[in-house]
Every structure is written in C-alpha cells, then in structure tokens.
Amino acid sequence: MVPALLALSRRAAFLISAAIVVVTVIVAVTAPWLPLPDPNGMEAAPYEPPGPGHWLGTDNYGRDVLSRLAWGAQLALIVALVSSAIASMIGVILGSISGYFGGTVDALLSRTIDVFLLIPSFFLVLLIVALFGSRLEFTMLAIALTTWPRSARIMRAQVLSLKSRVYVQAARAAGASHSRTLVRHIIPNGLAPIITDATILMGLAVLTEAGLSFLGLGDQNAVSWGRMIFDGQRQLRIAPWMSIFPGIALLLLVASFNLLGDGLNEALNPQLRRLVARATPKPTMPVGEARPATPGPILDVSNLRMSYRLDSGPIMAVDGVSFRLQQGESLGVVGESGCGKSSLGAAILQVMAPNATTVAGDVDLSGVPILRDGRRVVSHDREMIADLRWTMAAMIFQSAMNALNPVIPVGAQLTEAYRLHRPDASHEEALARAGAVFDLIGVPRERLGSYPHELSGGMRQRVMIALSLLHEPKLVIADEPTTALDVLIQDQILGELDALKHQMGLSLILISHDMGAVAESCERVAVMYAGEIVEMAPTETIFCSPQHPYTRALLAALPTVSGPRRVPVGLPGEPFSVGETTPGCRFAPRCSVAQDLCRSSRPPRVAIGAGHEALCHFPAGGGA
C-alpha cells in the first residue's frame with residue numbers, strides 16, 4: 001500500500017484535501033491555546049467587517065468569527081470521528097454476522113438494513129434528537145444509528161465473497177471457531193472498503209450536525225458552523241461574512257473527506273488502481289492512401305516493445321520481439337506466467353490495458369501497416385487496426401466467463417459484434433451468421449438464447465471461439481483458450497481449433513502454458529522469457545533439439561508418459577522481474593550453465609538452423 005500512497009501523494013486533489021484536513025485538525029486541537037478571543041465573548045462591536053483587529057470580522061453579537069470558526073472545527077471533527085467510528089463498528093459487526101451465518105440470520109438482518117435504508121436518514125436523526133434531546137452525545141449517536149446500514153451492507157458483501165476462500169476453509173478445518181474465523185481471517189481482509197466508507201461518513205456526519213444546528217436542534221452550548229450560518233443568513237445584507245466563511249469551511253472539509261475517501265479506496269484496492277489508471281493516449285502516425293493487402297506473411301512483427309505504467313514505474317512486458325507468420329501457419333508461444341505471452345497478443349491487436357502502451361516496433365497485418373515505431377497507423381482519420389481487428393485478425397480471450405457479458409444472452413452478444421463491423425446487416429442476417437458459426441463449432445443453435453452462466457465451461461469457451469470467427473478472419477490469436485477446463489474438454493477445444501484451422505485456412509497464434517497442447521497444435525514454437533523470445537524453431541526441433549537452457553528447463557519439468565522413466569526437474573530461482581535491469585542475460589541467475597560472459601554482456605541472437613534461432617551466448621550449453 002505504501003507505493004500506492006506515494007503515488008497518491010503526487011496527485012494535486014489528494015494533496016490539497018489531505019492538507020485541508022490536517023490544517024483543520026491542527027486548528028481544532030490547538031484552539032484553546034491559539035491567541036484568539038473567547039468564541040462567546042461579546043466585547044467587540046457588532047457587524048465589524050474583516051480587518052486587522054478581527055481578520056474575519058465579528059457577528060451580530062460582537063463575537064469574533066475566526067475564533068468561532070476554530071472552535072466550530074473542533075465540534076465538526078469530534079462529530080465526524082465519533083459518529084463514523086460508531087456507525088462503522090455497528091456495520092462491521094452486523095454485516096459480518098449476516099454474511100457469515102446466512103440463512104434466517106441473514107434474512108432478518110438484511111431486512112433490518114433495508115428498513116433503515118428506506119427511511120430518510122436526516123428525518124430519522126430529527127426524530128431521535130427531538131425525542132431524546134439535542135446534547136452533543138445524542139446527536140452523534142443519532143447520526144451513527146442512521147448511517148450504520150451503509151457499512152453493514154458493504155461488510156456483508158465482503159464476507160459473502162471471503163468466506164468461501166480456501167484459507168478460510170482451511171482455518172475452519174483446522175478447528176477455528178466461528179468467532180475466531182470471523183475476527184482473525186475474514187474481517188481484517190474485508191476492512192479496506194469500510195475504511196474508505198468511513199471517510200465518506202465523516203463528511204456526512206459533519207453535514208448532518210450542521211443541518212441540525214441550522215434548524216436550532218443542535219447542542220446550544222457548543223459553537224457550530226451550522227448555527228453560524230443560520231445566524232448569518234438573516235444578516236446577509238449588512239454582514240455577509242457571517243455566513244460566507246463558515247459555509248466555505250463546511251464545503252472544504254466535507255469535500256476533502258470525500259476526496260480522501262476516493263484516494264484511500266484507490267490505495268487500498270490494487271485492482272481498482274489498475275482499472276482507474278489514466279489511459280495514455282495511444283500515439284498515432286498518419287499515412288496517405290492505405291496499401292491494399294499483399295501476398296506474403298499474414299503477420300510481420302519487428303522489434304515490438306510494450307510497457308505497463310505502474311505506481312513503481314514503467315515495466316517492459318514485451319521487449320524487442322520480432323517474428324513472421326505465414327498464411328495458414330500456426331505458432332505456439334510458451335513460457336512461465338508473467339513472461340509476456342498475453343501482453344504480446346494484446347500488443348499485436350492493440351487491445352491493451354489502459355496503463356499499457358507500445359513504445360517501439362512495427363507490425364504489418366497481411367501487408368497493411370498497423371503499427372509504426374510503436375504508433376498506430378492512421379489513414380483518413382481512422383486507425384488502420386480498427387478496420388482490421390476482428391475482420392482480418394481476431395482474439396480468443398482467456399477465461400470465457402469473464403470475457404462474456406453475464407447479463408446478455410450469448411446470441412445477442414454475437415449479433416451485436418457482427419453488426420458493429422457490418423452496420424448495414426439486418427438483425428436476421430446477424431442471427432443467421434451467429435447460428436452458422438455455432439454449427440461450425442458444434443454448439444446447438446438453441447443455446448443462442450442462453451446466458452453465460454447457463455453454459456458449461458467448455459461451451460462458454462466454444463462461444464468465445466465462435467465470436468472470433470464471426471467475420472472469417474485470416475488470423476486468430478488464442479490466449480490460453482483452455483484455461484480452467486478439464487483435460488478432456490481441453491483436448492476437444494484444441495482439436496476443434498486445429499480442425500477449424502485446416503477447414504478455414506486460418507493462421508493461428510496459440511498462447512499457452514501447456515507444452516503438450518502446443519506440440520499437438522502448432523508448427524512452430526516461440527519460447528518467451530522476461531519479455532523476450534529466447535528461442536524459436538519448428539515444433540519438432542524445439543522438443544527434440546532445444547538449444548536455449550530455458551527451453552531445456554521447461555521440457556525437463558514435463559512429466560513423461562512414454563520412454564524411460566525420469567523425475568521431472570523444477571526450475572530453481574525466481575523469474576526475472578521485467579522491472580529490473582541487468583547488463584547480461586536475463587536468464588543467467590537461474591541458468592545452470594551460465595558463464596561470466598552471460599552475467600556481464602547481452603546475449604546475441606544466434607541462427608542455429610533453418611527457422612531456428614536462440615538468444616544465447618552458448619546455445620546447447622556450450623561453455624567458453
């Protein structure tokens with residue numbers, strides 16, 4: 001969280017709001033010792049305008065406005081802290097009990113929460129204060145009793161998500177009681193949004209107390225900004241400063257609490273930081289008339305580099321990748337998690353995350369330039385990739401359940417995608433095309449009206465394949481198309497992809513961890529490590545005569561089902577972090593045959609045979 005807070009500290013809105021809150025706290029705490037007049041003293045002349053004697057003027061009773069603002073800040077902060085603390089505590093307790101135990105307990109507490117949320121909170125506060133009195137303690141308790149359902153609902157949702165986690169089930173299996181499981185394993189992991197909401201509740205509490213004081217229902221013995229605004233609104237013509245200054249103070253403090261809440265939410269939630277990362281405008285390069293598709297490679301990638309912008313700085317996920325893919329050819333891209341495989345596919349089709357950008361490289365698709373020096377090629381004010389994506393090249397995303405919209409039938413999603421690129425097509429035409437691709441991949445047409453959750457994992461993945469084939473592209477990039485599927489379904493999906501490749505003449509890039517799947521489906525294999533292709537060769541060559549130590553290590557980790565028995569050997573050490581820098585080979589710290597030269601000098605790309613190259617000083621493990 002510390003890097004996130006450091007990143008937030010560079011944002012003007014967060015800095016200003018934090019400064020306002022800190023100044024308010026300092027003024028409130030030191031108010032009794034500041035050289036200010038008595039806030040209730042009436043020694044000065046009434047309606048004295050701001051000046052050297054009274055910096056913010058005096059009110060209709062001759063009381064110093066600045067002094068009353070300082071003491072009013074004390075009341076505002078006490079109400080904010082105590083009310084939000086009580087509300088959050090009640091919400092955490094009741095929300096966690098409701099979400100954890102479920103059943104009748106959940107139904108009863110949920111209906112109670114709903115009832116409180118239905119009642120306008122300010123009117124409920126008015127009722128409580130009118131019944132029990134306007135002392136400050138009652139005011140804070142009334143505010144807490146009307147705002148706790150917010151925290152309870154948030155905590156219930158957190159617990160419902162967390163209680164099914166493996167570590168929680170493990171704690172229960174180890175003998176932890178319900179109360180210990182809740183207090184030690186669930187609640188601490190669900191507090192991040194509660195902390196964020198507490199800052200929002202602080203601003204709400206300050207506004208509520210000011211509203212009560214404005215109506216004359218606040219503590220009559222305390223100095224309140226709301227009461228100051230009420231006193232000043234009747235004197236706006238002759239002493240506007242009486243209302244303006246407390247109004248500004250109230251606005252700034254409440255807005256600062258809200259901005260702090262937004263900042264804390266981003267700092268405590270790494271996933272949200274990625275989602276709200278400001279998308280860097282993708283640089284473009286204008287060209288004249290677009291060249292028509294020409295015979296030659298279906299895909300030509302040269303020195304492609306793509307980076308992600310994180311709080312800790314940019315990291316190069318794809319670094320200097322070059323290759324060509326011929327029409328009808330299939331290429332497998334393998335490597336450990338985090339090596340840049342999926343980032344490479346996203347960079348080629350420019351479907352990257354908001355915080356990602358291509359910083360260098362050229363990409364041609366069927367002879368048409370779509371990327372030049374890392375910038376998208378533009379013709380007639382339209383990016384070339386926009387016309388070719390899904391029509392010339394398509395992508396099968398991993399995790400079909402996340403890639404499909406859960407609230408729209410799959411047939412509607414396919415027809416919408418079809419008509420996006422063919423706006424003149426009627427709904428009937430689009431539906432017929434969706435049915436045709438369903439027939440092609442072996443899914444009954446009746447399933448067009450199904451929602452994603454009504455389909456099995458294999459069928460959802462087939463829907464993703466159908467989505468990629470809608471416009472009969474020449475190139476399909478399949479990013480982990482068998483993720484989370486059992487081995488039988490994986491084999492079926494890969495078999496169908498291979499059949500479609502031959503039936504439709506597709507070129508295929510298969511991104512996978514599964515070396516066996518790549519061996520069965522692809523004619524060439526590219527092995528990636530730390531953003532680089534460290535070895536590329538025909539599939540048979542990769543498996544029979546690997547030259548790079550990393551490729552050999554991957555193959556050594558595979559279990560065998562034929563031939564002599566051997567124990568799979570794991571790869572020692574940690575993968576190279578693409579945020580690091582090294583003068584030598586990135587694989588050297590884990591390489592069993594690394595020499596001094598490997599650690600001090602970047603390895604060359606060595607041509608070993610026909611279509612076979614390796615990024616290594618000593619291919620096949622030869623030493624100096």
Side-chain angles (χ1 to χ4, degrees), residues 317-323 329-344 480 482 494 509-578 580 582-624:
V318 178
D319 195 358
V321 169
S322 301
F323 66 91
E329 188 184 13
S330 54
L331 172 69
V333 182
V334 298
E336 295 171 286
S337 294
C339 70
K341 304 185 302 295
S342 296
S343 296
L344 173 60
E480 306 275 4
T482 57
L494 291 172
I509 295 179
L510 177 60
I511 298 169
S512 179
H513 292 94
D514 190 341
M515 298 284 285
V518 169
E520 290 184 8
S521 306
C522 299
E523 298 156 8
R524 279 197 303 155
V525 177
V527 181
M528 287 194 71
Y529 185 79
E532 300 176 318
I533 292 180
V534 295
E535 185 167 6
M536 182 183 292
T539 303
E540 185 177 354
T541 304
I542 283 287
F543 281 85
C544 297
S545 181
Q547 297 296 301
H548 196 281
Y550 179 61
T551 308
R552 296 200 302 275
L554 289 179
L555 294 173
L558 291 176
T560 59
V561 293
S562 63
R565 286 189 177 184
R566 64 175 178 80
V567 178
V569 180
L571 184 58
E574 294 294 325
F576 180 83
S577 172
V578 290
E580 299 175 14
T582 178
C585 175
R586 295 176 181 179
F587 185 63
R590 307 173 73 187
C591 182
S592 60
V593 295
Q595 310 291 321
D596 290 340
L597 177 65
C598 302
R599 301 180 183 91
S600 61
S601 176
R602 294 287 295 154
R605 191 166 298 278
V606 180
I608 297 168
H612 189 185
E613 60 182 32
L615 189 68
C616 187
H617 285 293
F618 309 111

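By convention here, the first residue in the shown sequence is residue 1.
- Taking every heavy atom of both residues into account, L555 and P546 meet most closely at CD1-CG, 3.7 Å.
- Considering every non-hydrogen atom in both G611 and P538, the closest pair reads O-CD, 3.6 Å.
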Practice item. Report the C-alpha separation of I542 and V334 in whole Å, then their side-chain angles, then the decisive distance to 0.1 Å, and conclude whether the side chain to side chain contact (heavy atoms under 4.5 Å, CB included) test is met. Key: CA-CA 11 Å; I542 283 287; V334 298; over 6 Å; no
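- If you run side-chain contact (heavy atoms from CB on, under 4.5 Å) between I533 and each of V527, V321, D319, only V321 comes through.
- Under the 3.5 Å distance criterion, the side-chain polar atoms of R552 are matched with a main-chain donor or acceptor of Q547.
- The structure places OH of Y550 at 6.5 Å from CZ of R590, a figure rounded to the nearest 0.5 Å.
- Annotation: salt bridge (charged side-chain N to carboxylate O under 4.0 Å, His left out) contacts of D514 (sequence neighbours excluded): none.
- The line from OG of S330 to CG of L510 is 8.5 Å long, rounded to the nearest 0.5 Å.
- Between A526 and M536, the shortest heavy-atom contact is CB-CE, 3.7 Å.
- For the pair G340 and V318, the tightest heavy-atom approach, listed with the atom from each and the gap, is O-CG2, 3.9 Å.
- Ring orientation note: the planes of F587 and H548 are tilted relative to one another, at an angle of 30° to 60°.
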Residues 515-523 side chain polar contacts: donor-acceptor under 3.5 Å, at least two apart:
unit_1 : atom_1 : unit_2 : atom_2 : d
S521   : OG     : A517   : O      : 3.1
E523   : OE2    : K501   : NZ     : 3.2

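- Contact annotation: the side chain of P549 never approaches that of S592 to less than 4.5 Å [non-hydrogen atoms, C-beta and beyond].
- Side chain of S600 to main chain of D596: a donor-acceptor pair is present (N/O by atom type, distance under 3.5 Å, no hydrogens or angles).
- Checked against side chain to side chain contact (heavy atoms under 4.5 Å, CB included), A588 has the following partners two or more places apart in sequence or in another chain: C585, A594, C598, R599.
- Judged by distance alone, the side chain of K341 and the main-chain N or O of G335 form a donor-acceptor pair under 3.5 Å.
- Evaluation of the salt bridge (charged side-chain N to carboxylate O under 4.0 Å, His left out) rule for E480 yields no partner, not counting sequence neighbours.
- Taking P604 as the reference, V606, H617 meet the side chain to side chain contact (heavy atoms under 4.5 Å, CB included) condition, with sequence neighbours excluded.
- A side-chain hydrogen bond (donor to acceptor under 3.5 Å, both in side chains) check over residues 530-543, counting only residues at least two apart or in different chains, returns the pairs E532-R602, E535-T551, E535-H612.
- Here the shortest heavy-atom pairing between E336 and P575 reads OE2-CG, 4.0 Å.
- Between Y529 and R586, the shortest heavy-atom distance links the atoms CE2-O, 3.6 Å.
- Annotation: side chain of V333 is not in contact with side chain of F323 (no heavy-atom distance under 4.5 Å).
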